[in-house]
Amino acid sequence: MAIPLLCSNCLVKIATWNVNSINVRIPQLIAWLRDADPDVLCVQETKCTDDNFPEVVLEEAGYKAAFHGEKSYNGVAIISKDEIKDVRLGFDHDNEDSQKRLIAATVNGVRIVNTYFPNGQALDSDKFVFKLDWIQHLRGLFDEYYSTDEKVLLCGDFNVAPDPADVWNPGAWEGHIHFSLPERAAITYVKQWGFVDAFRKKNGDVKAFSWWDYRAGAFQKNHGLRIDHIWVSEPLAATLKDCWIDTAPRDQEKASDHTPVIAEFDV
DNA sequence: ATGGTAGATACTCTA
């Protein structure tokens with residue numbers, strides 16, 4: 001009798017969380033893994049080199065990890081209970097100086113692409129040009145390597161709020177970084193590859209946020225943006241059971257400015 | 001319009 005390699009008729013939980021320094025946040029991260037019990041957690045802004053990644057602590061908590069980091073800035077990782085296969089680090093054209101913003105891997109037959117989109121700073125900044133260019137390259141990655149017939153999941157900190165419902169005061173944010181038309185158009189182009197927004201599929205047009213500025217008591221006033229996303233291909237969307245934002249970690253001491261987004265699949 | 005906070009680094013940058 002063959003031993004099944006993949007889970008069948010079971011729930012798989014995949015989450016994304018910008019932790020804003022994984023070494024500062026490791027106590028909250030370990031606690032959240034125990035409470036929320038995700039199968040996979042994609043993290044962004046690890047802000048550490050690969051030799052400083054807290055691999056052992058995660059192992060003790062029952063998780064393996066694949067990571068792609070650098071000193072001080074950026075950095076992404078995929079943390080998983082199950083085996084992490086076929087890891088990709090960055091784009092084909094990246095060199096050793098390229099910002100570490102992309103890691104992809106296959107877990108239980110799902111191709112996971114974990115991303116930390118450039119912030120862009122301001123529309124008149126060189127960093128904004130870099131942001132739009134980076135997003136174009138991301139679409140290119142799906143065109144080149146992946147099929148919409150496969151189970152593909154794109155998640156991470158997109159640094160873009162797609163719609164007015166994703167912004168606490170869309171009137172004031174219109175034209176500003178995170179909610180300007182060029183960057184919204186850029187992520188729409190990525191979405192048109194064949195993605196479904198998991199949160200919107202399960203929650204309609206509800207207003208909900210995944211990030212609140214550290215400043216001006218933004219979290220207490222619920223002055224937030226929904227810039228952390230889980231987008232899935234149609235074959236994966238067909239198995240989507242639920243998608244939600246867990247605001248509890250944002251309310252803790254020493255919180256990240258982002259909070260986890262979780263999608264649950266019946267595979 | 002300004003400045004408010006946090007993290008990493010090193011006397012400032014990024015978000």
Side-chain angles (χ1 to χ4, degrees), chain A residues 16-32 42-54 57 67-77 90 94 96-103 114-135 138 155-162 166-180 182-184 186-187 209-229 245 247-261:
Chain A
T16 179
W17 189 10
N18 178 325
V19 293
N20 187 18
S21 173
I22 194 164
N23 283 310
V24 165
R25 218 67 63 203
I26 199 72
Q28 292 90 333
L29 191 149
I30 295 294
W32 190 79
C42 296
V43 293
Q44 304 87 35
E45 283 206 89
T46 55
K47 293 187 173 178
C48 70
T49 52
D50 291 345
D51 48 327
N52 286 322
F53 190 88
V57 186
F67 36 90
H68 187 42
E70 63 183 278
K71 197 174 160 186
S72 306
Y73 304 113
N74 312 310
V76 284
D94 279 358
E96 59 193 34
D97 295 328
S98 297
Q99 297 175 2
K100 310 299 190 288
R101 297 180 171 278
L102 189 150
I103 186 169
N114 175 28
T115 52
Y116 174 49
F117 285 39
N119 177 293
Q121 202 164 67
L123 270 67
D124 60 357
S125 163
D126 288 347
K127 294 190 175 71
F128 189 68
V129 178
F130 177 73
K131 181 178 196 173
L132 296 181
D133 190 51
W134 192 95
I135 297 171
L138 182 63
C155 71
D157 176 359
F158 290 18
N159 267 314
V160 181
D166 303 313
V167 180
W168 70 276
N169 59 347
W173 276 84
E174 187 71 57
H176 288 86
I177 199 68
H178 306 304
F179 192 56
S180 71
E183 59 199 295
R184 289 160 66 190
I187 69 162
F209 312 128
S210 63
W211 171 83
W212 300 259
D213 201 302
Y214 280 123
R215 299 166 288 191
F219 181 68
Q220 284 68 30
K221 296 179 207 159
N222 199 25
H223 290 178
L225 303 178
R226 193 177 70 94
I227 55 178
D228 300 273
H229 304 289
I245 299 172
T247 56
R250 183 64 181 82
D251 205 18
Q252 296 173 324
E253 286 294 308
K254 294 285 281 180
S256 168
D257 46 351
H258 297 252
T259 211
V261 183

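Reminder, nothing fancy here: chain letters follow the sequence lines and each chain counts from 1. Predicted model, so just to flag it, every value in this text is computed and none were measured.
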Working to the nearest 0.5 Å, report the span between CD1 of A:I22 and CG of A:L29.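 Interatomic distance, A:I22 CD1 to A:L29 CG, rounded to 0.5 Å: 5.5 Å.
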Starting at CZ of A:F179, measure out to CG of A:D166 and round the result to the nearest 0.5 Å.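 CG of A:D166 is found 7.5 Å from CZ of A:F179.
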Determine the Euclidean distance between corresponding [atom1] atoms of [M] and [N]; express it in Å to zero decimal places.
N: B:dT9; M: B:dA15; atom1: C1'; result: 15 Å
N: B:dC13; M: B:dA1; atom1: P; result: 24 Å
N: B:dG7; M: B:dG3; atom1: P; result: 22 Å
N: B:dT2; M: B:dA6; atom1: P; result: 23 Å

Report the relative orientation of the aromatic rings in A:W173 and A:W211; use parallel for angles under 30°, tilted for 30 to 60°, perpendicular for over 60°.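 Taking A:W211 first and then A:W173, their aromatic rings stand perpendicular (interplane angle over 60°).
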Classify the angle between the aromatic ring planes of A:W168 and A:H223 as parallel (below 30°), tilted (30 to 60°) or perpendicular (above 60°).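 It falls in the parallel class, under 30°.
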Would you indicate whether A:N169, at its atom CG, is surrounded by more than 12 heavy atoms from other residues, nucleotides or ligands within a distance under 6.0 Å?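 Enclosed: over 12 neighbouring heavy atoms sit under 6.0 Å from CG of A:N169.
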Just the rounded figure in Å: distance from [atom2] of [N] to [atom1] of [X].
X: A:N18; N: B:dG7; atom1: CG; atom2: P; answer: 12 Å
X: A:Q220; N: B:dT5; atom1: CD; atom2: C1'; answer: 12 Å
X: A:H223; N: B:dT5; atom1: NE2; atom2: P; answer: 16 Å

Closest heavy-atom pair and its distance - A:P118, A:F130: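 Looks like CG-CE2, 3.6 Å.
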Residue that, paired with A:N20, satisfies side-chain hydrogen bond (donor to acceptor under 3.5 Å, both in side chains) out of A:K47, A:H258, A:Q44: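 Result for side-chain hydrogen bond (donor to acceptor under 3.5 Å, both in side chains) with A:N20: A:K47.
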Distance only, no hydrogens: is a donor on one side chain within 3.5 Å (strictly under) of an acceptor on the other, for A:N119 and A:K131?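 Distance-only check fails for A:N119 and A:K131.
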Please encode protein proximity along nucleotides 9-15 of chain B as a string of B, S and -, counting only heavy-atom distances under 4.0 Å. S---BSB
Please work out which residues in residues 23-31 of chain A have a non-hydrogen atom less than 4.0 Å from an atom of DNA chain B and list them by number.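 By residue number: A:V24, A:R25.
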Side-chain N or O of A:S256 less than 4.0 angstrom from OP1 or OP2 on B:dA6?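 No.
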Lys/Arg-Asp/Glu bridge criterion (N-O < 4.0 Å) met for A:R101, A:E70: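 Answer for the salt bridge query: no.
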